[in-house]
2 protein chains.
Amino acid sequence: MAQSDTVDRILDAAEELFAERGFSETSLRMITSKAKVNLAAVNYHFGSKNALIHAVFARFLTPFSATLENAFNDLETRCDGQPPTLNQTLWALTESAVRMPQRNENGISIFMRLLGLAYTQSQGHLRKFLEQEYSQPFSRFMRLLKESTPQLSAVDRYWRIQFMLGATAFTMSSSDALRDILQNKLGVETTVQEIAARLVPFLAAGMQAEDPMLIMPSAGKTSVA
Amino acid sequence: MAQSDTVDRILDAAEELFAERGFSETSLRMITSKAKVNLAAVNYHFGSKNALIHAVFARFLTPFSATLENAFNDLETRCDGQPPTLNQTLWALTESAVRMPQRNENGISIFMRLLGLAYTQSQGHLRKFLEQEYSQPFSRFMRLLKESTPQLSAVDRYWRIQFMLGATAFTMSSSDALRDILQNKLGVETTVQEIAARLVPFLAAGMQAEDPMLIMPSAGKTSVA
DNA sequence: CGACCTATCAAACGTATGTTTGAAACAGAC
DNA sequence: GTCTGTTTCAAACATACGTTTGATAGGTCG
């Protein structure tokens with residue numbers, strides 16, 4: 001066949017291993033042996049390990065950013081000029097992620113973990129690649145968030161967005177492990193959708209908290225709203 | 001001198017480099033050349049690279065966990081049998097961290113980033129080490145959190161704690177980079193204390209959000225609070 | 001002084017990494 | 001069948017890593 005499935009087998013294996021162990025801790029030999037392809041195949045098809053990392057992200061991110069654009073379009077036409085509510089904005093993103101066609105049942109959580117790693121591990125080339133390729137939907141989401149939280153100052157909004165990102169990336173990145181723990185400790189089953197349904201209200205409440213500087217640290221009793 | 005300053009020079013250099021680049025991405029040769037000591041000194045004084053990582057954490061974490069125990073003692077005597085409020089619990093932790101004596105002006109942010117990396121990078125040995133050595137203050141903090149949020153079901157509390165952890169670890173793990181971005185974009189200087197002062201209210205509000213299951217995803221308009 | 005323990009150093013060791021090579025296998029077109 | 005371009009493969013390459021070695025100094029105590 002002209003384009004064998006070698007490329008996809010490599011991408012599948014790489015995606016899983018990167019998510020499990022991080023980028024530096026995953027060697028090409030691990031990937032190629034898991035994918036059952038020759039070691040040289042990675043450099044032949046992708047050129048380098050870094051390029052493979054980019055390809056793993058691109059395979060998910062390109063269709064996802066298209067889905068996201070549609071969701072944002074829908075949201076804006078539905079709002080008809082009015083700024084969307086914070087919940088609407090967050091759900092537009094969440095539903096796009098949850099509804100993406102997945103290669104397997106863990107597709108979302110694997111990719112969430114990869115996104116978290118991309119942010120956390122200081123891989124300069126990756127950040128540059130993501131900024132270059134996918135800045136548009138990101139900027140648009142930021143703009144919607146801004147419209148959804150007009151009461152916040154730019155600085156407050158900036159930090160709270162980081163907090164949201166953190167809670168999301170972190171939770172999703174380890175949601176498999178967390179689900180297992182919950183299953184064992186409390187005997188409760190949990191789907192990714194349910195986690196999202198718990199996460200979004202948490203984020204919305206955090207974003208809309210009282211002005212942070214009103215509540216200061218001290219030995220006295222401070223209470224929230 | 002009996003105990004030269006080689007040990008501390010190594011610890012200082014390692015701490016900084018680990019925080020900047022992560023554990024796997026930092027080689028012993030980088031550390032020893034930054035510390036201006038011989039390569040073999042690390043294995044001589046610490047035994048292995050992993051042991052050096054543990055030592056870096058222990059140097060900060062041991063005095064910190066003592067400070068934390070005191071803060072929790074203070075809090076419990078101040079509450080006099082009553083369960084503490086969520087804000088009190090969160091601030092007990094935050095103030096202990098902020099008030100720790102620091103080796104240099106970036107001491108806290110460096111160490112926050114290290115803690116974030118410890119959680120994020122899947123270094124099995126590190127997690128085992130931390131669980132073994134510092135499980136007590138961690139468990140105590142969890143117990144206080146439970147008392148501070150009696151209104152939450154066990155499952156809700158479980159997930160929301162994960163969300164808090166995520167927002168904190170993630171923000172702290174990249175706080176230097178984030179501060180730089182903010183500095184460039186908005187021309188605002190930010191201290192770790194200010195980040196904490198913004199984070200705590202965010203977390204408290206999220207923890208005390210409405211029952212998550214009341215707000216469901218749909219195409220319709222949903223609003224919070 | 002000489003014995004002894006500790007600390008430092010340059011050099012080497014074995015291993016694992018990402019990448020490259022050159023030949024072999026395979027495909028489709030003529 | 002033969003040619004042509006693509007894909008696979010085993011092997012090697014150069015480099016970087018964590019760790020070990022054995023020699024050399026420096027200090028302390030009898």
Side-chain angles (χ1 to χ4, degrees), chain A residues 1-59 114 117-118 121-126 128-129, chain B residues 1-59 114 117-118 121-126 128-129:
Chain A
M1 53 200 83
Q3 163 99 344
S4 87
D5 60 344
T6 301
V7 167
D8 288 308
R9 296 244 298 286
I10 292 175
L11 286 174
D12 288 338
E15 182 177 280
E16 211 163 319
L17 285 171
F18 285 151
E20 271 175 23
R21 321 174 28 96
F23 304 112
S24 307
E25 293 83 356
T26 302
S27 71
L28 292 186
R29 284 167 176 83
M30 292 179 199
I31 294 171
T32 54
S33 74
K34 174 168 187 140
K36 294 197 179 69
V37 302
N38 186 272
L39 169 61
V42 171
N43 283 278
Y44 175 78
H45 286 287
F46 297 94
S48 70
K49 183 181 179 181
N50 280 354
L52 169 62
I53 296 176
H54 297 173
V56 167
F57 277 84
R59 183 168 66 150
L114 285 180
L117 288 181
Q121 315 217 160
S122 60
Q123 301 264 354
H125 67 94
L126 220 194
K128 214 163 290 178
F129 169 77
Chain B
M1 55 200 81
Q3 162 100 344
S4 86
D5 60 345
T6 301
V7 168
D8 289 308
R9 297 245 297 286
I10 292 175
L11 286 174
D12 288 339
E15 182 178 278
E16 209 163 318
L17 286 172
F18 284 153
E20 270 175 23
R21 321 173 27 94
F23 303 111
S24 307
E25 293 82 357
T26 302
S27 70
L28 292 186
R29 284 166 176 84
M30 293 180 198
I31 295 171
T32 54
S33 75
K34 174 168 187 141
K36 293 197 179 69
V37 302
N38 187 274
L39 169 61
V42 171
N43 282 278
Y44 176 77
H45 286 288
F46 297 95
S48 70
K49 183 181 180 180
N50 280 353
L52 169 62
I53 296 176
H54 297 173
V56 167
F57 276 85
R59 183 168 66 150
L114 284 181
L117 289 182
Q121 316 215 160
S122 59
Q123 301 264 354
H125 69 95
L126 220 194
K128 214 165 288 178
F129 169 77

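Naming: A, B, ... by sequence-line order, numbering from 1 per chain.
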Going by the rule side chain to side chain donor-acceptor pair (under 3.5 Å), which residues pair with [X] if we only count those two or more places apart in sequence or in a different chain?
{"X": "B:N43", "result": "none"}
{"X": "B:K34", "result": "B:E16"}
{"X": "B:S33", "result": "none"}
{"X": "A:N38", "result": "none"}

Could you list, one pair per line, each protein nitrogen or oxygen that sits under 3.5 Å from a nitrogen or oxygen of nucleotides 16-18 of chain C, together with the distance?
| from | atom 1 | to | atom 2 | distance (Å) |
| --- | --- | --- | --- | --- |
| C:dT17 | OP1 | A:S27 | OG | 3.3 |
| C:dG18 | OP1 | A:K49 | NZ | 2.7 |
| C:dG18 | OP2 | A:L28 | N | 2.8 |
| C:dG18 | N7 | A:R29 | NH1 | 2.8 |
| C:dG18 | O6 | A:R29 | NH2 | 2.9 |

Got a sec, which pairs hit ring pair (Phe, Tyr, Trp, His ring centres under 6.0 Å) with one end in residues 21-41 of chain A, sequence neighbours left out? A:F18-A:F23
Could you name each residue pair satisfying salt bridge (charged side-chain N to carboxylate O under 4.0 Å, His left out) that touches residues 38-55 of chain B, not counting sequence neighbours? none
Counting only Watson-Crick and G-U wobble pairs with both atom distances below 3.5 Å, the stems of 3 or more consecutive pairs that include DNA chain C are C:4-30 with D:1-27
For B:F46 and C:dT6, give me the distance from atom CZ to atom P, rounded to whole Å. 17 Å
Using atom CG of B:D8 as one end and atom C1' of C:dA7 as the other, report the distance to the nearest whole Å. 15 Å
Shortest non-hydrogen contact between B:A14 and B:V56, atoms and distance: CB-CG2, 4.0 Å
side-chain contact (heavy atoms from CB on, under 4.5 Å) partners for B:A55, two or more places apart: B:L11, B:F46
Touch class at under 4.0 angstrom, heavy-atom based, for A:A40 against every strand present: base
Ignoring backbone atoms, test whether [X] places a side-chain nitrogen or oxygen under 4.0 Å from the OP1 or OP2 oxygen of [N].
{"X": "B:H45", "N": "C:dT8", "value": "yes"}
{"X": "B:T6", "N": "C:dA7", "value": "no"}
{"X": "A:N38", "N": "D:dA10", "value": "yes"}

